[in-house]
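Here's the structure we're looking at; comments come further down.
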Amino acid sequence: MKDKATGKSYAKIIWFGEHSVVYGQPAIAIPIYSVDVTATLKKIPSGQEIHCRYFDGPISEMADNLRGVKTLTNHLISLFGAQDLSFDLNIESKLPSERGMGSSAATAIAIVRAFFGFFEVNLTRIQLLKLADIEEKITHGNPSGLDSATASSNMPIWFVKNEINEQIDFNLPTSSLVIADSGIKGKTSEAVSLIHDNIVDEPETAKPLIEELGKIAVSAKDALATTDDERLGKLMNQSQRDLAQLGVSNQTLDTFCRVACDNRALGAKLTGSGLGGCVIALAKNQSDAQQISTALRSAGATQTWIQSFKNYQFSTGEAHDNLVR
Ligand SMILES: C[C@@](O)(CCO)CC(=O)[O-]
């Protein structure tokens with residue numbers, strides 16, 4: 001056992017396939033390395049404390065809105081027989097919460113990694129995702145697993161619920177994604193049940209849209225393999241139309257997409273569960289990305305990030321074993 005260990009994870013951006021992934025369609029998602037979560041577990045003289053932006057104090061006193069993190073932490077305490085250990089768990093997150101960037105999954109992944117690092121026990125990817133799911137099931141109800149799979153990956157992934165979780169390697173050396181936060185909170189569980197209700201109430205409209213979103217993800221994978229950024233942009237626009245028809249966009253997100261496209265974006269769409277949160281726009285080069293980012297800030301984005309794909313591959317030192325959870 002160490003005196004101190006840290007676990008890291010990343011914000012996730014779903015490029016293609018949010019919502020349809022819940023219904024078995026494929027998705028493409030990417031970790032955003034500059035927007036990360038670090039959990040640090042260290043020994044202290046007494047108590048079991050947790051510090052994060054929503055809570056500061058003993059784990060036993062955590063409020064109900066943090067039930068996911070509390071349950072996961074208690075599960076890890078039992079797993080390692082650490083009931084009598086005095087420790088402090090400090091979570092530092094650069095992710096805004098409820099903005100479609102996978103804040104809860106990233107927090108869960110960082111916590112699990114911190115515990116395994118602290119107890120010096122090897123962690124397999126399957127174990128990591130299963131443990132993160134303890135938190136995600138409480139926070140989101142019926143997660144596809146895409147958020148945790150991406151937050152823990154060091155590469156973009158191609159994902160099919162319970163079937164495929166593999167890295168994709170592509171080369172888009174000049175393009176980048178501009179991510180713009182609308183500042184509006186979007187609850188994943190609400191957006192997921194809204195789509196579920198649409199499928200039940202209007203299956204003849206909703207089901208073909210879900211299937212089309214899956215086909216778009218397949219085409220996008222092909223466009224990535226052939227470095228066809230113009231096609232990727234068009235596929236993003238098509239996704240946005242389908243997601244809006246399914247009811248998870250809103251006026252602000254629609255406006256952001258239009259502003260991005262009026263400012264040289266090759267395409268734009270909401271990312272994550274929608275009903276708020278972030279929009280992503282594909283830029284052909286760095287100067288276009290700057291222009292799009294500035295235009296989106298003028299249109300009201302509270303924060304923007306530019307993720308370039310140059311030298312995207314990097315290593316966390318942990319193998320991504322391409323295993324299904
Ligand atoms: C909306 C959704 O597809 C992504 C949320 O980040 C839900 C899920 O995959 O569990």
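Read the numbers this way: they start at 1 and go in the same order the structure lists the ligands and their atoms.
Identified under the salt bridge (charged side-chain N to carboxylate O under 4.0 Å, His left out) test for residues 231-250, with sequence neighbours left out: D222-R231.
The nearest heavy-atom contact from the protein to atom 6 (O) of ligand 1 is K12 NZ, 2.6 Å. Looking only at heavy atoms of the protein, atom 3 (O) of ligand 1 is closest to H19 N, 2.9 Å. The nearest protein atom to atom 9 (O) of ligand 1, hydrogens excluded, is given as S144 OG, 2.6 Å; this is a heavy-atom distance. Of all protein heavy atoms, the one lying nearest to atom 4 (C) of ligand 1 is I14 CD1, 3.5 Å.
Following chains of ILVMFWY side-chain contacts shorter than 4.5 Å, one can reach I292 starting from I306, so the two form part of one hydrophobic cluster.
Between F170 and F309, the ring-plane angle classifies as perpendicular under the 30° and 60° cut-offs.
When the side-chain contact (heavy atoms from CB on, under 4.5 Å) test is applied to E49, the partners found at least two apart in sequence or on another chain are I44, H51, P58, D88.
Taking a cut-off of under 4.0 Å to the non-hydrogen atoms of D147, the atoms of ligand 1 that pass are 4 (C), 5 (C), 6 (O). Atoms of ligand 1 lying under 4.0 Å from at least one heavy atom of V21, given by number and element, are 3 (O), 9 (O). Of all the atoms in ligand 1, the ones that sit under 4.0 Å from a non-hydrogen atom of P143 are 10 (O).
Between L253 and L275, the shortest heavy-atom distance links the atoms CD1-N, 4.2 Å. Contact detail for P156 and I30: the closest heavy-atom pair is CB-CG2, 3.4 Å.
Close N/O approach between E18 and ligand 1 is not found [any backbone or side-chain N/O within under 3.5 Å].
With rounding to the nearest 0.5 Å, the separation of CG in L235 from NZ in K215 is 13.5 Å.
At a 4.0 Å cut-off, not a single heavy atom of A191 sits close enough to ligand 1 to count as contact.
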